[in-house]
Each structure stands twice: as C-alpha cells, then as structure tokens.
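What you see is a predicted model; the values in this text were computed from it and never measured. Below, each value reflects all heavy atoms present in this structure, side chains not excepted, and no hydrogens, waters or symmetry copies.
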Amino acid sequence: MACDSYIVPAVLGSKGEILDIGQRTRTVPLAIRRALILRDRGCTFPGCRRKPKQCQAHHVTPWALGGPTALHNLTLLCWYHHNLIHHTDWSMRIRNGLPEFLPPAFLDPERRPRRNLLHHQGGAR
C-alpha cells in the first residue's frame with residue numbers, strides 16, 4: 001500500500017518542527033531553514049561574512065542525485081559561493097555536523113578541508 005501512496009517520511013524536532021523531509025521535495029521548509037541559521041549563522045564558505053538573509057540553502061549531495069532535504073545534507077551559501085560550488089572544482093561535505101570545503105588541487109595540492117569560523121568567533125565552537 002505504501003508504494004502506491006504519497007507518503008513523505010519526516011523527522012520532527014522536539015517541538016514538532018520538520019528537520020528532515022526525505023527526498024520528496026527540494027524546497028527547504030522554514031523549520032529546516034531556521035535550524036540552518038542557528039547552525040551556520042551565515043554563508044559557510046571560508047572567509048565569507050554574508051548573513052543568513054543573504055544566503056540560500058544548498059544540498060551538499062545534490063537533490064537530483066538522491067540527496068535528502070535534511071539538515072545533515074544542507075548548508076547556507078551566499079549567491080556567489082553557491083555558484084562557485086556548482087561551477088568550479090571546489091567541493092564540500094558535512095563533517096562532525098559542520099560544513100567543510102575542499103579547494104581545487106591547483107590551489108592546494110593536498111586539498112585540505114577549510115571551514116568558515118567567522119560567524120562563530122567568541123562562540124562555543
């Protein structure tokens with residue numbers, strides 16, 4: 001029966017907010033966006049100071065390739081860095097719950113991961 005129905009799996013937070021809606025929809029619900037803002041506090045690309053209102057949610061594993069619309073697969077990126085990730089050899093991943101960026105080999109042959117710590121200065125992280 002479930003195969004023929006339109007069931008969307010969802011993971012809810014402690015107050016019933018949606019934190020994971022699976023792969024059914026690409027659009028990021030408001031509850032997930034709020035969780036992204038709390039975690040990322042702005043564009044996560046190293047050195048970028050753009051605030052959350054200037055950012056878009058980005059699927060780390062692309063939605064079209066099966067990446068879920070879930071906090072563990074999303075990050076905030078400003079328009080410029082969102083395009084950079086999509087159209088250059090920069091890549092990214094989520095490690096230990098935080099976004100990391102791997103530069104192209106021509107910038108760093110070892111491709112050492114980088115994080116944006118500007119939004120977390122003086123914080124617990």
Side-chain angles (χ1 to χ4, degrees):
M1 252 168 77
C3 291
D4 294 329
S5 62
Y6 188 76
I7 295 174
V8 179
V11 175
L12 305 178
S14 61
K15 296 180 182 176
E17 69 275 18
I18 298 170
L19 298 180
D20 180 344
I21 55 170
Q23 214 256 331
R24 198 47 108 164
T25 180
R26 184 177 158 270
T27 305
V28 177
L30 184 57
I32 294 178
R33 178 149 178 96
R34 286 181 179 149
L36 275 172
I37 290 169
L38 286 172
R39 184 192 72 194
D40 296 347
R41 301 182 189 172
C43 180
T44 56
F45 195 87
C48 188
R49 295 182 181 273
R50 300 270 170 120
K51 302 294 181 201
K53 66 182 177 183
Q54 299 171 301
C55 296
Q56 305 163 343
H58 169 73
H59 286 81
V60 178
T61 299
W63 182 81
L65 298 177
T69 301
L71 188 59
H72 66 84
N73 188 50
L74 294 166
T75 192
L76 290 177
L77 291 173
C78 68
W79 176 87
Y80 178 81
H81 291 117
H82 202 164
N83 282 323
L84 187 79
I85 291 297
H86 279 287
H87 301 293
T88 69
D89 290 332
W90 278 88
S91 60
M92 68 167 306
R93 64 187 179 199
I94 302 286
R95 188 170 205 169
N96 298 323
L98 295 173
E100 285 187 339
F101 295 81
L102 300 124
F106 73 88
L107 287 178
D108 180 358
E110 295 179 32
R111 300 198 74 206
R112 291 176 289 240
R114 303 171 186 198
R115 286 188 176 159
N116 186 345
L117 303 176
L118 293 174
H119 301 291
H120 299 284
Q121 289 178 346
R125 294 180 201 191

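The shortest non-hydrogen separation linking Arg50 to Cys78 is CG-CB, 3.7 Å. Across all non-hydrogen atoms, the minimal contact from Arg112 to Pro103 is O-CD, 3.2 Å. The heavy-atom pair separating Met92 from Pro99 by the smallest distance is CE-CB, 3.8 Å.
Trp90 and Phe106 fall within the same hydrophobic cluster, defined by Ile, Leu, Val, Met, Phe, Trp and Tyr side-chain heavy atoms under 4.5 Å apart, directly or through other members. Follow the hydrophobic side-chain contacts under 4.5 Å out from Leu71 and you never reach Ile94; the two are in separate clusters. The hydrophobic clustering, which links ILVMFWY residues whose side-chain heavy atoms are closer than 4.5 Å, places Leu102 and Phe45 apart.
Summarising the geometry, atom CD belonging to Glu100 is positioned 12.0 Å from atom CZ belonging to Arg114; distances are rounded to the nearest 0.5 Å. Expressed to the nearest 0.5 Å, how far NE2 of His82 lies from OG1 of Thr75 amounts to 10.0 Å. The CZ atom of Arg33 sits 7.0 Å away from the SG atom of Cys55 when rounded to the nearest 0.5 Å. In this structure, the separation between NE2 on His59 and CG on Leu77 is 12.5 Å, given to the nearest 0.5 Å. With values rounded to the nearest 0.5 angstrom, Leu30 atom CG is found 8.0 Å from Ile37 atom CD1. The structure places OG1 of Thr61 at 10.0 Å from CG of Leu74, a figure rounded to the nearest 0.5 Å.
Counting heavy atoms from C-beta on, the side chains of Ser91 and Phe101 never come closer than 4.5 Å. Contact annotation: the side chain of Cys43 never approaches that of Leu76 to less than 4.5 Å [non-hydrogen atoms, C-beta and beyond]. Arg39 places a side-chain heavy atom less than 4.5 Å from the side chain of Leu98. Val28 has its side chain out of reach of Gln56: every pair of non-hydrogen atoms, C-beta onward, lies at least 4.5 Å apart. Looking only at side-chain heavy atoms (C-beta outward), Thr69 and Pro29 come within less than 4.5 Å of each other. Looking at Cys48 and Asn116, their side chains come closer than 4.5 Å, going by heavy atoms from C-beta outward.
Ring pair His86/His58 is perpendicular by interplanar angle, where above 60° counts as perpendicular and below 30° as parallel.
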